[in-house]
Visitor: 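Just dropping this structure here.
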2 protein chains.
Amino acid sequence: MRRSRPEHESIDETLRACGIIPTAQRVRIGRMVLTRPTHFSAEQLYERVNLAGNHVSKATVYNTLGLFVEKDLLRRVLVGTGKVFYDSNMTAHHHFYDVESGELGDIDAGEIEIRALPKTADDVQIEGIDVVVRVRRAAS
Amino acid sequence: MRRSRPEHESIDETLRACGIIPTAQRVRIGRMVLTRPTHFSAEQLYERVNLAGNHVSKATVYNTLGLFVEKDLLRRVLVGTGKVFYDSNMTAHHHFYDVESGELGDIDAGEIEIRALPKTADDVQIEGIDVVVRVRRAAS
DNA sequence: TGTTAAACTTAGAACGAGTCTAAAGATTGC
DNA sequence: GCAATCTTTAGACTCGTTCTAAGTTTAACA
């Protein structure tokens with residue numbers, strides 16, 4: 001499981017290292033989302049990738065996001081009423097979600113300590129733990 | 001914030017206590033989901049409530065679920081790739097989600113201990129913390 | 001009780017996010 | 001250079017959910 005992208009690697013190399021053929025569209029998307037930790041929705045990416053010329057189709061955006069998630073280059077984050085975000089920060093961390101603004105932010109793994117994981121049956125393995133802290137800016 | 005429904009209360013009384021006018025449809029739905037802790041999707045409820053006569057519309061099912069969530073009689077749980085479930089267990093607890101079967105289960109609050117909550121700005125208050133443990137049955 | 005206003009429910013249209021399709025385009029191996 | 005494979009595309013489609021406008025129920029109170 002990939003945890004973070006080495007600084008020196010080009011997107012091209014990163015993709016190859018994951019067994020992904022680096023097509024023009026994938027590299028373009030990769031440059032937008034993999035070079036720094038960021039949160040975004042598929043919709044936002046689709047708009048952004050198409051701001052400057054050379055149209056990339058919706059299907060390709062979704063396919064590429066799915067591929068990146070599968071290869072552990074991105075993770076999906078669910079918040080609000082079923083809204084799907086993508087997160088290119090692959091280090092261990094959690095999220096806070098502002099229920100009013102819809103804003104999503106990172107919480108360093110060290111700031112939340114999870115103890116006493118539930119005991120599970122022998123054949124059940126834990127894939128991961130998602131923690132979302134819902135916050136609200138005080139009315140006063 | 002309501003945490004659990006007193007045993008002796010009728011659904012009718014529970015709804016009134018929350019400021020909800022107990023219409024026939026709301027009481028019918030309430031009886032199905034509020035009398036015991038259960039997980040379900042809107043789709044599942046819509047089918048179940050319409051199995052035995054007296055059709056209830058999709059709009060009313062969604063409106064009622066939204067209302068119950070707003071009044072803290074139900075909570076929403078997000079799992080998988082954006083799937084929305086409802087949970088009538090309002091005691092403090094978390095969830096595990098079997099990524100293969102799609103099955104959702106409860107984890108008692110005591111089994112997961114969250115420490116050292118992130119310090120937040122003065123005007124930010126924590127509304128709640130959602131923890132989902134993703135599990136997978138071992139292949140072997 | 002009868003009347004009225006407000007609240008609720010309804011069917012079906014509309015919506016948005018995401019997936020599928022079939023065809024065209026790019027890439028690879030030989 | 002050719003064939004096989006993989007990728008991208010536009011647009012149709014699906015699914016869960018929300019909206020709309022009309023009809024129905026409920027509550028208040030004369």
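All values below come from the heavy atoms of this structure, side chains included, with hydrogens, waters and symmetry mates left out. Order of the sequence lines fixes the chain letters, A, B, ..., with proteins taken first and strands second; residue numbering starts at 1 for each chain.
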Visitor: Within this structure, what is the CD1-to-C1' distance between Ile29(B) and dT10(C), rounded to whole angstrom?
Guide: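 Rounded to the whole Å, the gap is 13 Å.
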Visitor: Which nucleotide wins on minimum distance to the side chain of Ala42(A), given the candidates dG18(C), dC8(C), dA10(D)?
Guide: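 In terms of side-chain proximity for Ala42(A), the closest of dG18(C), dC8(C), dA10(D) is dG18(C).
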Visitor: Check Ile20(B), Ile11(B), Leu65(B), Leu67(B) against Leu73(B) for a side-chain contact (heavy atoms from CB on, under 4.5 Å) and give me the one that passes.
Guide: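 By the side-chain contact (heavy atoms from CB on, under 4.5 Å) criterion, Leu73(B) pairs with just one of Ile20(B), Ile11(B), Leu65(B), Leu67(B): Ile20(B).
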Visitor: Tell me what Thr23(B) touches on the nucleic acid: a base, only sugar-phosphate, or nothing, going by heavy atoms under 4.0 Å.
Guide: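 Here Thr23(B) touches the backbone only, sparing every base.
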Visitor: Given atom CG of Leu65(A) and atom C1' of dG18(C), what is their separation to the nearest angstrom?
Guide: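 So the CG-C1' distance, Leu65(A) to dG18(C), works out to 11 Å.
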Visitor: Between Tyr46(B) and Ile20(B), who's closer to the 5' end of DNA chain C by nearest nucleotide?
Guide: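 Per heavy-atom nearest nucleotide, the more 5' residue is Ile20(B).
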Visitor: Can you check the Lys83(B) NZ to dG16(D) C1' distance for me, whole Å?
Guide: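 Value for this atom pair: 9 Å.
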Visitor: If two hydrophobic side chains count as joined below 4.5 Å and joins carry through other members, does Leu104(B) share a cluster with Val132(A)?
Guide: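 Leu104(B) does not cluster with Val132(A).
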Visitor: Starting at CZ of Arg28(B) and ending at P of dC8(C), how long is that distance when rounded to a whole Å?
Guide: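 These atoms are roughly 18 Å apart.
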Visitor: Test the Lys58(A)-Tyr62(A) pair against the cation-pi criterion, namely NZ or CZ under 6.0 angstrom from the six-membered ring centroid and within 45° of the ring axis.
Guide: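 Verdict for Tyr62(A): no cation-pi partner in Lys58(A).
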Visitor: Which nucleotide in the set dC19(D), dT9(C), dG18(C) lies at the smallest distance from any side-chain heavy atom of Ala59(B)?
Guide: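 The answer is dC19(D).
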Visitor: Specify the separation, in whole Å, of atom CD of Gln44(B) and atom C1' of dC15(D).
Guide: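 In whole Å, dC15(D) C1' and Gln44(B) CD are 15 Å from each other.
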Visitor: Mark yes or no: Lys71(B) above the aromatic ring of Phe68(B), with NZ or CZ under 6.0 Å from the six-membered ring centre and no more than 45 degrees from the axis.
Guide: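 Output no; distance or angle outside limits.
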Visitor: Using whole Å, what does the distance between atom C1' of nucleotide dC8(C) and atom NZ of Lys58(B) come to?
Guide: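 My rounded result for the distance is 19 Å.
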Visitor: So what does Ala24(B) touch, heavy atoms closer than 4.0 Å: a base, only the sugar-phosphate, or nothing?
Guide: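 Counting heavy atoms under 4.0 Å across all strands, no contact is made by Ala24(B).
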Visitor: If you find the nucleotide of DNA chain D closest to Ile21(B) and the one closest to Tyr62(B), which residue's nucleotide is nearer the 5' end?
Guide: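 Looking at the nearest nucleotide for each, Tyr62(B) comes out on the 5' side.
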Visitor: Can you check whether Arg137(A) reaches Asp98(A) side chain to side chain, under 4.5 Å on heavy atoms?
Guide: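 Result yes, sub-4.5 Å side-chain heavy-atom pair found.
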Visitor: Rounded to the nearest angstrom, tell me the gap between atom NE2 in His55(A) and atom P in dA24(C).
Guide: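 In whole Å, dA24(C) P lies 18 Å from His55(A) NE2.
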Visitor: Roughly how many Å is it from CG in Asn63(A) to P in dT8(D), rounded to a whole number?
Guide: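 To the nearest whole Å, that distance equals 8 Å.
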Visitor: Do the side-chain N or O atoms of Gln25(A) get closer than 4.0 angstrom to the phosphate oxygens (OP1, OP2) of dA26(C)?
Guide: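 The answer is no; no side-chain N or O of Gln25(A) sits under 4.0 Å from OP1 or OP2.
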